[in-house]
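Order of appearance sets the numbers: ligands from 1, and atoms from 1 within every ligand.
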Amino acid sequence: MPNRYKSILLFGAPGAGKGTQGKILGKIPGFFHLACGDVFRSLDMTSDLGKQFLNFSSRGELVPDELTIQMWRQNMHAQTVLSLYKPKQDLLVLDGIPRNVGQARELENSLDVFKVIHLRCNDENAMMQRMRKRALKENRMDDADDKVIRHRFEVYHKETLPVLEFYPKSIVSDIDAMGSPAQVFQRVLEVVVPVQEAHFNQPAMNPA
Ligand code: AMP
């Protein structure tokens, strides 16, 4: 299907490090990182959509699919019109979407998914630790309360993990999410660099 965004998905439980890895990757020419949660957090919280987001996220629930997909499409359009994201040159690195099988189905016509990077971490305590730290740093209500964090894990297991089955096994790469951001990033690069090479013609860097 033509005109689908060439993408990789960053996948993993809350606190597994999707945002950290996505942000680093997004700094490299030829990659464009978009985190659905960041787009939600950038909304005007007094707007209807902002209020809906707060209502769901503060309880650790997912925002309903229709609102999420609509907001995502509008944001992608804006990023493209502003040339912040250049579909012909950039590999789209999506973080936090699709978050359930319904969203994955809904996005099938829009995404050409080359890889699903599954940041794997079985240590829920380590992830909770990361989230508590992030709550303080980023003022995130959904990460400040242990009860909400636990519910976020439940939602992940019930609604988000099945997304992994939606995509062919051949494109899912399991990556150990334990270790420093640099160590994990090295593992991520091993997967994404070949994808970029296979699908984009990256101009060589000019020597400084
Ligand atoms: P995140 O920053 O990815 O941890 O997302 C924070 C919160 O934003 C989630 O707990 C949800 O309430 C909401 N959210 C982010 N992405 C999605 C999505 N794809 N679908 C529904 N809700 C989402």
Participant: Heavy atoms only: which of H151, K18, R41, Q103 lies closest to atom 20 (N) of ligand 1?
Facilitator: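 The nearest heavy atom belongs to Q103.
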Participant: Give the residue and atom name of whichever protein heavy atom lies nearest to atom 12 (O) of ligand 1, and the separation in Å to one decimal.
Facilitator: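 Result: E61 O, 2.6 Å.
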Participant: More than 12 non-hydrogen atoms from neighbouring residues, nucleotides or ligands closer than 6.0 Å to NZ on K133, yes or no?
Facilitator: no
Participant: For atom 1 (P) of ligand 1, what is the nearest protein heavy atom, given as residue, atom name and distance?
Facilitator: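 For atom 1 (P) of ligand 1, the nearest protein heavy atom comes out as R99 NH2, 3.6 Å.
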Participant: For atom 8 (O) of ligand 1, tell me which residue out of F53, W72, F56 has the closest non-hydrogen atom.
Facilitator: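 Considering heavy atoms of F53, W72, F56, the nearest to atom 8 (O) of ligand 1 sits in F53.
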Participant: Going through the checks in order, is the side chain to side chain donor-acceptor pair (under 3.5 Å) test met by E61 and H151?
Facilitator: CA-CA 8 Å; E61 293 284 345; H151 188 58; 2.8 Å; yes
Participant: Is it the side chain (CB and beyond), the backbone, both or neither of T68 that lies under 4.0 Å from ligand 1, heavy atoms counted?
Facilitator: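 Near ligand 1, T68 shows its side chain, while the N, CA, C and O stay back.
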Participant: Looking at G37, which atoms of ligand 1 are within less than 4.0 Å of one of its heavy atoms?
Facilitator: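 Here the atoms of ligand 1 in question are 2 (O), 5 (O), 15 (C).
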Participant: Nearest protein heavy-atom contact for atom 22 (N) of ligand 1: which residue, which atom, what distance?
Facilitator: V63 N, 3.0 Å
Participant: Provide the number and element of each atom of ligand 1 under 4.0 Å from a heavy atom of R152.
Facilitator: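 Every atom of ligand 1 under 4.0 Å from some heavy atom of R152: 4 (O), 6 (C), 9 (C), 10 (O).
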Participant: Could you check whether atom CG of D44 has more than 12 heavy atoms from other residues, nucleotides or ligands sitting under 6.0 Å from it?
Facilitator: yes
Participant: Nearest to atom 23 (C) of ligand 1, what protein heavy atom do you find, and at what distance?
Facilitator: F40 CE1, 3.6 Å
Participant: Under 6.0 Å from the six-membered ring centre of F200 and within 45° of its axis: does the NZ or CZ of K6 meet both?
Facilitator: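 Yes.
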Participant: With the threshold set at 4.0 Å, does a side-chain nitrogen-carboxylate oxygen contact exist between R99 and D65?
Facilitator: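 Salt bridge: no.
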Participant: Taking the six-membered ring of F56, is NZ or CZ of R59 closer than 6.0 Å to its centre and within 45° of its axis?
Facilitator: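 Checked: cation-pi criterion met.
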Participant: Identify, for atom 19 (N) of ligand 1, the protein heavy atom at the shortest distance, and state residue, atom and that distance.
Facilitator: G96 O, 2.9 Å
Participant: C36 heavy atoms, cut-off 4.0 Å: which ligand 1 atoms fall inside?
Facilitator: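 Under 4.0 Å from C36, ligand 1 has these atoms: 16 (N), 17 (C), 19 (N).
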Participant: Just wondering, are more than 12 heavy atoms of other shown residues or ligands nearer than 6.0 Å to NE2 in H199?
Facilitator: yes
Participant: Which of the numbered atoms in ligand 1 are below 4.0 angstrom from a heavy atom of I97?
Facilitator: 19 (N)
Participant: Side chains of N75 and Q79 only: does a donor on one sit below 3.5 Å from an acceptor on the other?
Facilitator: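 Checked: N75/Q79 side chains pair up, N/O donor to acceptor below 3.5 Å.
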